[in-house]
There are 2 protein chains.
Amino acid sequence: MSNNGKRSVGVKEIARRANVSIGTVDRVLHNRGGVSEKTKEKIIAVIKELNYQPNILARRLASGRTIHLFTLIPAVSDETDYWDVPLQGIIQAENEIKLYDVKVSKFFFDMNDRKSFVERYQQILQEEQIDGVLLAPAFIEEAIAFTNVCQQRNIPFVFINSDIPNQKSLCYFGPDLFYSGYSVAHLVRYLTSENDKILVMNISKDVASDHHILRKEEGFRKYFIEKQISQTIITKNLTQTDYDSVKAGLDEVLQQYPDIRLVFVTNSRVSLVAQYFESKGKGNILLVGYDFITRNIEYLNKEIIDFLICEKPQEQAYRGVKALYHYIMFEENIEKDFYMPIDIIHKGNQKFYRN
Amino acid sequence: MSNNGKRSVGVKEIARRANVSIGTVDRVLHNRGGVSEKTKEKIIAVIKELNYQPNILARRLASGRTIHLFTLIPAVSDETDYWDVPLQGIIQAENEIKLYDVKVSKFFFDMNDRKSFVERYQQILQEEQIDGVLLAPAFIEEAIAFTNVCQQRNIPFVFINSDIPNQKSLCYFGPDLFYSGYSVAHLVRYLTSENDKILVMNISKDVASDHHILRKEEGFRKYFIEKQISQTIITKNLTQTDYDSVKAGLDEVLQQYPDIRLVFVTNSRVSLVAQYFESKGKGNILLVGYDFITRNIEYLNKEIIDFLICEKPQEQAYRGVKALYHYIMFEENIEKDFYMPIDIIHKGNQKFYRN
DNA sequence: CTGAAAGCGCTTACAG
DNA sequence: CTGAAAGCGCTTACAG
């Protein structure tokens, strides 16, 4: 109707110009083989000449084939509901693309159990049709094993939350951990003066191999070295994540250094420290931590947590799923690394923040 | 193939159950009329019973109709390239949806010329097929006139950048201006102490009627009143936006108040103030302003601008166009107000920031 | 007021 | 190696 006859050229026109049937054009278009070199060349030439753009709608409609995507992320645990946020991102993407006959199957592993990761991915690998995989590679070796199989089988996969470089993922969506810590240091410089002491708190069952935490602290400290700022930075590692242990640890370190000015908690466990300050009193200590999750937001609003750093976990997962879909649908190549912005949230701007 | 025969029910099945032809089903589906009450009711019942979800792909494919959207935003000017950012958002959305046969026609007006706004919208209204409109209602009365016509003609429209409440827009994407200023105040409290003086600078050709600026300052000041903080806040309005005038204004105010600790510029003109500080020296004054645009980023990296507040102008426009598309395609209702997050950018986190 | 047919631009068997 | 036909789930004239 309002078409101006400009409806872009399709297989029909290509077939006409190449003097073949549309079936043969389709074979060339999808590299299905069974076409003589000569006709193939001719058809390719016409396709180029016409700058043919396939009609995605028609393609999806005609091929009754559902696209099957799989996601593998940690389950929400009592310790933290952080992983509910990426899950929401997956669901958001799913709702958008299910109209185009895409199915997303969601698998979850236990953050504290390597085996569960392996079990889940083996379950996935047993599926007969796997068009793409999104995973949070919490256990590096196991994730490598999984994605090696994907590579062999030509299944595209994307990482979220943390990256394994050189693993030929389609793309990574998540923080640049080092830079994230580095960035916090810059903010901290605005909040403290040179003779203020800073406490870095790493709260994790396995600090020694917690890549996230280590890289963030590295970046944080690097800033002070680079800028030659001789501010005192104390690190406290806590490998027990229950409140009592955190309380004991804080009691100890604050007794030893009573004049701490700012506490930087390198992950979402900042709410535990906030809980401590809520009962003990916070004085003029500033508290900075990670992740825009319910518990933390409560303390943010009470002004017990001063700043939360957040790297859009929902968007990471959302973009991850959409990237797989786009890759499969349009054979589009995607920019390899997509580092999330490092958002700063305080009581004053939390209202309209979105993960 | 991998279909499990679960391909959701379509018009055919509805027609079968209602004992009519698919043509009649289609008439009911689109309220085209010409169907007897009785059959209509019957068909509607079946549709509900089956929880029929139309196949959008097929719908778009079958109806040769192109969707025509129109956008009306300010042109990029010498004064500021701010409006290039929303334009990029429009283009981004356009690229995503043009696959679905959507055309976006972009119109631009001159920020300093009401008449150009009127001319452009009249041009738009002459188009024969208008499926939706996105506009930045910089001139309120004129925007009301325009959108009144849209309402009459049943054309959906969305606002970006600033809102006109009660104008029955489909949706608004942009900042909550008051809250934006309020939010900056909270940050400023972390950066200054109670006896530090603050300078608010409004740089705009028509400060008195610049809604953006006025609301932000209002929010900013409100914070201090609410919290009963007796910090000195000086306002300086500059109605000349060239550098020399800004320089003169700053010379004057800084002579009068030599002990200013923080300057808050209420819009993207903060680069002019930065330029001043670059030549005069900044001392220990902090500089806070708006918008993540090239000129400002340069000064951010030189640490002459300390913080930029940004409300994702690209995303505003992107979401605006997508909202129109979704509304038209799926007749989906959209949440009425979508206030953008109030992002805080400093030298340390600007690297991965996206407008 | 209603139905039957053609067609949107592709893909998928099937036949040769 | 290639073609002709049927069909994906809709919409659009056209005929009655």
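A, B, ... follow the sequence lines: proteins, then strands. Residue 1 opens every chain.
The base of C/dG9 has none of its N or O atoms less than 3.5 Å from a complementary donor or acceptor on the side chain of A/Arg60.
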Take B/Glu96 and B/Lys322 through the salt bridge (Lys or Arg N to Asp or Glu O under 4.0 Å) test and state the conclusion after the steps.
CA-CA 9 Å; B/Glu96 279 185 28; B/Lys322 294 278 288 230; 2.5 Å; yes

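Relative to the side chain of A/Ala62, the nucleotides C/dT2, D/dG7, D/dC1 differ in distance, and D/dG7 lies closest. Closest approach to the B/Val11 side chain among D/dC8, C/dC14, D/dC10 is made by D/dC10 (side chain taken as heavy atoms from C-beta onward). Ranking D/dC10, D/dC14, D/dG3 by closeness to the B/Tyr52 side chain, first place goes to D/dC10. Which of D/dT2, C/dA4, C/dG9 sits closest to the side chain of B/Ser21 comes down to C/dA4. The side chain of B/Leu61 lies closest to C/dG9, out of C/dC1, D/dG3, C/dG9. Checking C/dC1, D/dC10, C/dG9 against every side-chain atom of A/Ala58, the shortest atom distance belongs to C/dG9.
As a whole-Å value, the separation of A/Asn19 CG from D/dG3 P is 9 Å. Distance NZ (B/Lys38) to P (C/dT2): 10 Å, rounded to an integer number of Å. One can place CZ of A/Arg59 at 18 Å from P of C/dC8, the figure rounded to the nearest angstrom. C/dC10 atom P lies 5 Å from atom CG of A/Asn55, rounded to whole Å. Atom CD in B/Glu13 sits roughly 13 Å away from atom C1' in D/dG9 (whole-Å rounding). Spacing between atom CZ of B/Arg32 and atom P of D/dC10 amounts to 13 Å, rounded to whole angstrom units. For A/Arg16 and C/dG9, the CZ to C1' distance is 16 Å, given to the nearest whole Å. Computed from coordinates, the B/Lys40 NZ to C/dC1 P distance equals 10 Å when rounded to whole Å.
Searching all strands for a Watson-Crick or G-U wobble partner of C/dA4 with both distances below 3.5 Å returns nothing. The nucleotide D/dA13 finds no pairing partner, because no Watson-Crick or G-U wobble arrangement with both distances shorter than 3.5 Å includes it.
Sequence order on DNA chain D of the closest nucleotides to B/His30 and A/Val35 puts A/Val35 first from the 5' end. With DNA chain D read from its 5' end, the first of the two nearest nucleotides for A/Glu37 and A/Gly23 is the one closest to A/Glu37.
Note that CZ of A/Phe107 is 12.5 Å distant from CD1 of A/Ile73, once rounded to the nearest 0.5 Å.
Note on B/Ser63: every side-chain N or O is 4.0 Å or more away from OP1 and OP2 of D/dC10.
For B/Lys106, the NZ atom counts as densely surrounded, since its 6.0 Å shell holds more than 12 non-hydrogen atoms of other residues, nucleotides or ligands. Around atom NZ of A/Lys12, no more than 12 heavy atoms belonging to other residues, nucleotides or ligands sit under 6.0 Å away.
At the heavy-atom level, A/Leu57 lies nowhere under 4.0 Å from the strands shown. Nucleic acid contact for B/Leu29: none, since no nucleic acid atom lies under 4.0 Å from a heavy atom of the residue.
Between the side chains of B/Asn355 and B/Gln88, no donor N or O sits under 3.5 Å from an acceptor N or O.
For an aromatic pair to be called close, the ring centres must be under 6.0 Å apart, and B/Phe352 with A/Tyr339 satisfies this.
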